[in-house]
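Beneath this line is the structure, given in structure tokens, with notes to follow.
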Amino acid sequence: MGRGTLLAVLAAVIAAGAWALQGGAAVSPEPGPLAHVTAPVQAVAAQGALDDFRLIDHRGDSHGLGYYADQGIVTLVGASRDCARLDEVMGRVSEVQGLRFLVAADPDEDREAWGALVEAAGLDVRVLMDATTTVAPTVGLGHAGDVVRVDLEAFTWERVQDGFPDCPLPRADGQGLSYTEDVVPVIEDLCLECHSDRRKIPMFSDYDTLMGWSAMIRRTVRTQRMPPGGHDAYYGAVRHGFTQDQLATLVSWIDAGLPRGSEPDPLPGLNAAITSTSKRERWGKPDRVFRMSEVHELPAAGPDQYKYAQVSEPLEEDLWIRGIRLKLNLEVTHHVNVILLDKPLAEATDDWFRRGSSDMLRLRKTKGDHHHYEADERDERFLWARELSEERVLMTYGRSKRTVDFTPGMALKVPAGSVLVLEIHYGLTGKEETSEIKVLMYEHDDALPRTEVKRASFYRTGFKIPPGKKNHRVRTGIELDRDITLLEVVPHMHRRGRSARYIAVYPDGREEVLVSVPFFQYKFQPHWVLAEPKPLPAGTRLVTEMIYDNSAQNPINPDPDAWVENGNQRIEEMHLPRFYFLEGLHGGSG
Amino acid sequence: MIGLWLMACGQPVAVAPPDPSPVDAPASVAVPLSSWARPGVDGQTVALAHHADSPAIVLIAQGNACPVFQQYAPTIAAVAADLVPRGVPLMLINASPQDDAATIAADLAAYGLTGLPVFVDRDQQMARSLEIVSTTETLVIDPRTWTIVYRGAIDDQISYDGRKDAPTRNYLRDAVADVFAGTPVRTPKTRSYGCAISYRR
């Protein structure tokens with residue numbers, strides 16, 4: 001049974017009101033793939049060791065439970081919108097002292113409905129959206145009204161109050177899933193390229209290897225570290241995104257004991273198909289290849305390494321580029337910025353980092369204007385970007401399969417005279433490594449009409465993050481002086497970066513979140529490519545909001561006791577929202 | 001399916017207690033610590049009892065291709081260079097179903113960790129009994145009482161989200177120092193980050 005069928009059956013289950021059933025009636029899903037059943041497959045335990053998880057709440061913020069270890073105790077209350085006794089559930093929440101969350105097993109992920117419910121109840125509580133319905137049962141939440149006390153010091157949990165027997169929570173059941181028809185397609189779509197048997201962490205060579213890694217696969221998915229680049233699909237799709245159904249399929253199949261079935265194992269063949277030949281077939285021969293003139297030798301241990309490498313002489317002519325790929329040592333390379341300089345690296349001084357305003361882009365920059373963007377309790381002073389410029393960074397490679405790969409007809413201009421320089425962050429691996437990076441460029445097909453892709457950033461300076469502060473919000477924005485169509489965004493922060501949003505405030509005052517990255521992972525710095533290019537008319541204010549975590553709870557915080565200001569050094573922070581766009585309004589509905 | 005897995009292990013094993021899920025924390029089997037022995041990567045028996053006279057035993061869970069373990073390899077080598085001359089053996093245990101003696105030896109050699117004894121726990125009974133959840137999980141065993149006096153991370157340098165330039169807390173070093181001092185371990189349990197071990201049902 002394929003994905004389409006799975007979705008069809010899911011849709012049928014939804015249509016049949018499976019999640020709306022009350023009174024503990026068992027749902028009999030169609031035989032076959034994933035169903036979220038309301039009758040517990042097995043009794044939910046009453047206590048256990050905490051298996052950490054991360055969920056997005058009804059307001060779009062991301063919460064990893066283990067992060068709250070400094071709180072000691074966190075209380076979770078199970079909830080389902082279909083429970084007739086929701087008032088009583090809310091009543092139980094209101095009695096909880098200390099940090100508390102509602103956990104909503106809700107495959108529909110109706111955040112607005114949950115927001116209305118807690119508001120109506122007069123509660124200041126975040127509702128964690130367990131859209132895969134795989135998390136709640138693993139922390140003792142089998143029914144609405146279950147109250148579970150999580151001890152984050154001991155990393156254990158215990159149900160301290162039983163919920164309502166007539167309100168069982170829906171729960172993904174992976175027993176009916178087919179390994180070959182349901183699970184392998186998810187792996188092929190989300191996992192295989194970076195974890196094939198040619199890669200350093202070969203999790204998916206065959207069924208047995210997958211089974212050996214299954215506990216770790218489950219853990220990384222539950223904590224939303226994988227797939228990387230956790231974008232919040234609630235605000236619209238990105239290319240190379242994923243769905244909650246895909247994640248539910250993977251995790252519930254593992255939870256069900258990885259039923260193998262009797263079909264031949266497709267994974268060995270799929271691994272064999274991932275070869276450089278297949279990549280060459282997909283991409284064709286590169287038109288330009290730039291390589292480092294010397295090999296970087298990296299030690300086994302020590303602090304991360306930051307290096308620069310010039311990979312070209314000044315270019316003699318303009319290049320129009322439709323795609324860029326990097327060939328590199330994947331294991332040791334944390335991220336790479338491909339930068340255009342107007343002079344050789346040896347002559348560059350630190351000021352080429354400072355993004356001076358550019359004549360090439362005449363988007364209006366506004367100073368000192370505090371506009372009406374609505375503030376909330378986390379708000380920091382809003383400042384318009386002081387500088388807007390054409391980005392010197394041509395592209396970022398950040399440990400993901402995303403790369404510059406434009407729709408045919410779109411191309412980036414690399415002007416004559418440019419010098420290509422790599423800015424490289426190496427994360428050490430435990431053994432000595434070498435790195436020799438090649439930049440492969442694919443030129444625009446002159447037979448096609450050409451639309452120039454522009455790239456820009458607005459760079460917020462002048463912020464100061466207090467020591468120990470957990471949610472320091474820094475926002476900035478520009479007002480567009482012309483129509484543009486947004487293609488991709490690359491929010492750049494350092495180790496205190498926690499989340500990022502790009503928001504459009506349209507001329508009529510309407511606000512729309514364009515891209516939300518609720519759990520920014522410093523070790524991945526991908527391009528987020530909008531599935532549908534987004535037209536933004538002149539007068540729109542493009543606002544970015546980035547939240548920083550300068551507390552000791554941030555495991556990679558270099559110094560929680562420091563005031564942190566803007567700067568290029570890794571102990572400093574950046575608020576650098578980059579974006580790629582076309583001039584004019586293209587497609588979509590604005 | 002499971003039967004095939006066990007046959008592939010090449011050694012007869014007792015039937016493991018059923019687990020609710022292959023990824024749940026393993027249920028403990030009441031076996032005295034001192035009795036655990038397993039073949040090493042060279043086939044020679046590795047046994048905790050051989051070190052009954054040591055002031056402490058350090059046991060670290062290893063798994064092939066686990067980036068957290070690999071990043072800890074230089075630290076583990078340094079810890080071994082410090083402890084082994086002081087009579088504290090540093091031992092590894094591998095209970096990952098996808099690994100075997102040959103690939104374990106190759107993986108360790110690639111990261112400069114040759115010479116450390118490895119419990120090759122193909123039937124997972126030892127790791128299950130010791131309630132080991134993931135690789136890099138580190139136990140300090142006091143052979144005088146055959147109890148686990150420390151369980152957790154080596155230090156606080158590496159987490160899933162990245163690594164600090166240097167650790168700020170050296171849990172393992174401090175635990176061993178407490179054992180040497182004859183005082184209770186001040187921090188007996190910490191959270192460790194590693195690759196979760198899949199237990200067969």
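The model shown is predicted, which means the values in this text are computed figures rather than measured ones. We name chains A, B, ... by the order of the sequence lines, and we start the count at 1 in each one.
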If you measure from [atom1] on [X] to [atom2] on [Y], what distance do you get to the nearest 0.5 Å?
| X | Y | atom1 | atom2 | value |
| --- | --- | --- | --- | --- |
| T209(A) | D99(B) | OG1 | CG | 9.5 Å |
| I158(B) | I556(A) | CD1 | CD1 | 12.5 Å |
| Q521(A) | Y160(B) | CD | OH | 13.0 Å |
| D206(A) | Q98(B) | CG | CD | 10.5 Å |

Inset, instruction - Heavy atoms only, distances under 4.5 angstrom: which of A166(B), G112(B), S134(B) has the most pairs with chain A? Name it, please. - result: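 Of the candidates given, the most pairs with chain A belong to S134(B).
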Inset, instruction - Write out all pairs satisfying side chain to side chain donor-acceptor pair (under 3.5 Å) with one or both partners inside residues 71-81 of chain B, taking only residues at least two apart or from two chains. - result: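 Sorted pair list: Q71(B)-R163(B), Y72(B)-D155(B).
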Legend entry - Flag side-chain contact, heavy atom, 4.5 Å: V133(B) against R219(A):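 Result yes, sub-4.5 Å side-chain heavy-atom pair found.
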For chain B, find which of [options] contributes the most heavy-atom pairs closer than 4.5 angstrom.
| options | answer |
| --- | --- |
| M203(A), E153(A), R225(A) | R225(A) |
| T220(A), D304(A), L210(A), L428(A) | L428(A) |
| N554(A), T138(A), D52(A), T223(A) | D52(A) |

Inset, instruction - Count the heavy atoms of every other residue, nucleotide or ligand shown that sit under 6.0 Å from CD1 of I571(A), and state whether that count exceeds 12. - result: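 Not buried by this count: 12 neighbours or fewer within 6.0 Å.
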Legend entry - A45(A), part contacting chain B, at a heavy-atom distance under 4.5 Å: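 No part of A45(A) comes within 4.5 Å of chain B.
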Inset, instruction - Select one option (side chain, backbone, both, neither) describing which atoms of F155(A) are under 4.5 Å from chain B's heavy atoms. - result: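 Only the side chain of F155(A) comes within 4.5 Å of chain B.
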Inset, instruction - Kindly indicate, with the supporting measurements, whether the criterion side-chain contact (heavy atoms from CB on, under 4.5 Å) is fulfilled by Q70(B) and K200(A). - result: CA-CA 11 Å; Q70(B) 289 168 349; K200(A) 192 185 173 196; 2.8 Å; yes
Inset, instruction - Please determine if D161(B) and R495(A) form a salt bridge, counting it only when a charged side-chain N lies under 4.0 Å from a carboxylate O. - result: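 Here D161(B) does not pair with R495(A) in a salt bridge, since their nearest N and O are not under 4.0 Å apart.
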